[in-house]
Amino acid sequence: MATAASSTYRVQGATGEWEVVIGLEVHAQITASKAKLFSGAATAFGAEPNAQVSLVDAAMPGMLPVPNRECIRQAVRTGMALDAQINRWSRFDRKNYFYADLPQGYQISQLYHPLVGEGSIAIEPEGGEPKTVGIERIHVEQDAGKLMHDQHPTRSYVDLNRSGVALMEIVSKPDMRSPAEAGAYVRKLRSILRYVGSCDGNMEEGSMRADVNVSVRKPGEPFGTRTETKNVNSVRFVMQAIEYEASRQVDVLESGGRIVQETRLFDPDKGETRSMRSKEDAHDYRYFPDPDLLPLELDEAFVEECRASLPELPDEKRRRYEQELGISAYNAEVLTAEVETARWFEALLAEAGDKVTGKAASNWVISDLFGALNRLGLSVEESPVSPKQAAELLALVADGTLSGTLAKQVFEIMLETREDPGAIVEARGLKQTSDTGAIEAEIAKVLAANADKVEQYKGGKEALFGFFVGQTMKAMGGKANPQVVNELLRKALA
């Protein structure tokens, strides 16, 4: 059983509490390149098996790899976004092992001299304290192919579409101590990758997946033996794998057993890990420099171009929203968590200009827009209402044309018809009125019909004021200016 007190996560065993030590190796496909690491073959998801394979990918005799400049560029940009050291000199190594979907008999990777060195990611785990997780390295490597076991009753087939696809392996330090911290790390890393544009972060399609390293120890003792759970493809599964594996290891140790360094798989249907094979050490792969590839040497112009191309990242954007736009910390965090949301919101602000405050816009997006999209099962990119239409709607509220109630009515019509708000207001006569004569006449009727409540109000029951406001607004079909209604009611009741 796991316990969590503030930001401290412990697994409770028969001999007391155990601490969990977590490190993640995230494989992120460089989707921005649209081509493989050492060939020009396409990388689109969902293609027919073996439809995107070059002679290089298939390891035909005499075929030599040539590094894809865009893949290197995107890895450098990613390193910069993680505030990591960019190594001007790096080298490719051969990682030798046999597997049916690895036609070369080795994988081209970077062990000794990676492209990107140490960096860090700031996370804010749910229910825990903010924390910085160290990045050990980012190295660039090619992916293997895929075995298909469901195409024939007695045979397995090989699909080489993924063979040679460019991966960034982003290796964290063993700094995480709870499933919540690991989940926050993966979410934040995914967000940064999507802001940078180097990887689409689509874990369901396999363009981002995590190898989860877990060990347990008594608090304050040296690190224990770790296991590695391979290819976990969702944040929820990462957290479940850690919980299960930590509890399993505690049970093994407390029953007198020992943890074996091994590779495991996570079964999402059962929520448990199972052993796959013993974990090899680096020397088992006979790493050596790839003789077909020269070392990578980055010049100053290339590095500066990479740096200049970086967008405003989520943490910077969140700070700007809070400090310059006066948006609450919660709203700023929600609006910057996903790059698509931030782009939509910024498009709204650009259309609105100085007619709408950032605070009003953020409140509307998070409550009204997100509420409607959740109800309809749509993403912000699929919104029936465009940023331009949203800006127009909020401007009509800001200038007094629409009350909050009327704006909600107009918004619902916009969702259904995709019409512009101005056209809806004109066609359906939904303008807010500030006609004092008309409002005073309705107030007089409301007060006359509720003489007993008027006496109670004058006798000190001031909470009835809201009742009178509601009755007046109802009598005017929600079109009266609430501010004018309040002023005239107070005058009438005085």
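- Counted within 6.0 Å of CD on E382, heavy atoms from surrounding residues, nucleotides or ligands total more than 12; the atom is thus considered enclosed.
- One distance of note links CG of D399 with CG of L394; it measures 11.0 Å at 0.5 Å rounding.
- In this structure the side chain of R10 reaches within 4.5 angstrom of the side chain of P219, judged on heavy atoms.
- In the model, T132 has no side-chain atom that pairs as donor or acceptor with a side-chain atom of S120 under 3.5 Å.
- Using a 4.0 Å cut-off between a side-chain N of Lys or Arg and a carboxylate O of Asp or Glu, K173 and E118 qualify as a salt bridge.
- Under the 6.0 Å cut-off for aromatic ring centres, F38 and F92 qualify, their centroids lying closer than that.
- Residues T43 and Q29 are in side-chain contact: their nearest non-hydrogen atoms beyond the backbone lie under 4.5 Å apart.
- When every heavy atom of P125 is checked against every heavy atom of E181, the shortest pair comes out as CG-CG, 3.9 Å.
- Checked for salt-bridge contact, R190 and E338 meet the test: a charged N lies under 4.0 Å from a carboxylate O.
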- [ ] Could you walk me through whether R217 and E19 pass salt bridge (Lys or Arg N to Asp or Glu O under 4.0 Å), step by step?
- [x] CA-CA 5 Å; R217 64 178 179 181; E19 183 180 50; 2.7 Å; yes

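- E141 is not listed as a side-chain neighbour of I108, based on a closest heavy-atom distance of 4.5 Å or more.
- A distance of 12.0 Å separates SG of C199 from NE2 of H27, quoted to the nearest 0.5 Å.
- When all heavy atoms of T273 and A241 are compared, the pair lying nearest together is CG2-O, 4.2 Å.
- Between D368 and K408 a salt bridge is recorded (basic side-chain N to carboxylate O distance below 4.0 Å).
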Fill in: Test log, rule side chain to side chain contact (heavy atoms under 4.5 Å, CB included), inputs V214 and V21
CA-CA 6 Å; V214 176; V21 178; over 6 Å; no

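- Distance alone, capped at 3.5 Å, places no donor-acceptor pair between the R137 side chain and the P114 backbone.
- Between G358 and L349, the shortest heavy-atom distance links the atoms CA-CD2, 4.1 Å.
- Within a 6.0 Å radius of CG in N231, more than 12 heavy atoms belonging to other residues, nucleotides or ligands are found.
- Between K34 and E70, none of the side-chain N atoms (NZ, or NE/NH1/NH2) sits under 4.0 Å from a carboxylate O, so this pair counts as no salt bridge.
- Here the shortest heavy-atom pairing between M168 and S198 reads CE-OG, 3.7 Å.
- Using a distance-only test at 3.5 Å, with no hydrogens or angles considered, a donor-acceptor pair links the side chain of S33 to the main chain of I30.
- Shortest non-hydrogen contact noted between A81 and I192 is CB-CG2, 3.7 Å.
- Look at E124 and R187 and you find no salt bridge, because none of the NZ, NE, NH1 or NH2 atoms lies under 4.0 Å from a carboxylate O.
- Of the possible donor and acceptor atoms, one in the side chain of T31 sits under 3.5 Å from a partner among the backbone N and O of D200.
- No cation-pi contact links R73 to F302, judged by a cut-off of 6.0 Å to the six-membered ring centre and 45° from its axis.
- Here the CG atom belonging to L489 is positioned 11.0 Å from the CZ atom belonging to F467, to the nearest 0.5 angstrom.
- The minimum heavy-atom distance linking R209 with M203 is given by the pair CA-CE, 4.5 Å.
- The side-chain heavy atoms of I22 and N213, taken from C-beta on, include no pair separated by under 4.5 Å.
- Without hydrogens or angle criteria, R226 side chain to F223 main chain gives no donor-acceptor distance under 3.5 Å.
- Each of Q110, R91, R88 was compared with L296 under the side-chain contact (heavy atoms from CB on, under 4.5 Å) criterion, and only Q110 meets it.
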Run F370 and T341 through side chain to side chain contact (heavy atoms under 4.5 Å, CB included) and show every step you take. CA-CA 10 Å; F370 284 1; T341 303; 3.5 Å; yes

Requested in this report: May I have the step-by-step check of side chain to side chain contact (heavy atoms under 4.5 Å, CB included) for R264 and K230, ending in yes or no?
Outcome: CA-CA 6 Å; R264 300 179 69 84; K230 297 286 285 186; over 6 Å; no

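- At most 12 non-hydrogen atoms from other residues, nucleotides or ligands lie less than 6.0 angstrom from NZ of K146.
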Side chain to side chain contact (heavy atoms under 4.5 Å, CB included), that's the test. Do N87 and H113 meet it? Break it down for me.
CA-CA 8 Å; N87 295 322; H113 300 281; over 6 Å; no

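- Looking only at side-chain heavy atoms (C-beta outward), F345 and I327 come within less than 4.5 Å of each other.
- For the pair L115 and H139, the minimum side-chain heavy-atom distance is 4.5 Å or more.
- S172 and E25 share no side-chain donor-acceptor pair at under 3.5 Å.
- No donor-acceptor pair under 3.5 Å is formed between the side chain of N233 and the backbone N or O of G206.
- Considering only heavy atoms from C-beta on, K36 stays 4.5 Å or farther from N68 through its side chain.
- By the neighbour-count criterion of 12 heavy atoms within 6.0 Å, atom NZ of K218 is densely surrounded, having more than that number from other residues, nucleotides or ligands.
- In terms of the side-chain contact (heavy atoms from CB on, under 4.5 Å) criterion, residue partners of L415 (sequence neighbours excluded) are, by chain and number, A372, R375, L376, P384, V385, F411, E412.
- Rounding to the nearest 0.5 angstrom, the gap separating the CD atom in Q409 from the CG atom in L402 is 9.5 Å.
- Counting heavy atoms of neighbouring residues, nucleotides and ligands inside a 6.0 Å radius, atom NZ of K359 does not exceed 12 of them.
- A side-chain donor from one of Y321 and E346 sits under 3.5 Å from a side-chain acceptor of the other.
- The environment of E462 atom CD is sparse: at most 12 non-hydrogen atoms of other residues, nucleotides or ligands sit within 6.0 angstrom.
- The number of heavy-atom neighbours closer than 6.0 Å to CD of E221, taken from other residues, nucleotides and ligands shown, is above 12.
- Looking only at distances, no side-chain donor or acceptor of D93 sits under 3.5 Å from a matching main-chain atom of Y287.
- We find the CZ-CD1 distance between R177 and I242 to be 11.5 Å, quoted to the nearest 0.5 Å.
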task = Could you give me the CA-CA distance, side-chain angles and deciding distance for D420 and Q389, then say whether side chain to side chain donor-acceptor pair (under 3.5 Å) is met?
result = CA-CA 6 Å; D420 291 339; Q389 291 174 317; 2.9 Å; yes

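- The neighbour count for K131 NZ, taken as heavy atoms of other residues, nucleotides or ligands under 6.0 Å away, is above 12.
- Put simply, CG on L325 and CG on N331 are 11.5 Å apart, with the number rounded to the nearest 0.5 Å.
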Chi angles and distances behind the side chain to side chain donor-acceptor pair (under 3.5 Å) call for D57, S163: CA-CA 6 Å; D57 308 325; S163 179; 5.5 Å; no

message = I'd like to know whether S234 forms a side chain to side chain donor-acceptor pair (under 3.5 Å) with E204, so could you lay out the CA-CA distance, the side-chain angles of the two residues, the decisive distance to 0.1 Å, and finally the verdict.
response = CA-CA 7 Å; S234 83; E204 294 77 18; over 6 Å; no

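- Ring pair F237/F266 is tilted by interplanar angle, where 30° to 60° counts as tilted.
- Under a 4.0 Å N-O distance rule, the pair K317/E312 qualifies as a salt bridge.
- The shortest side-chain heavy-atom distance between V133 and L24 does not fall under the 4.5 Å cut-off.
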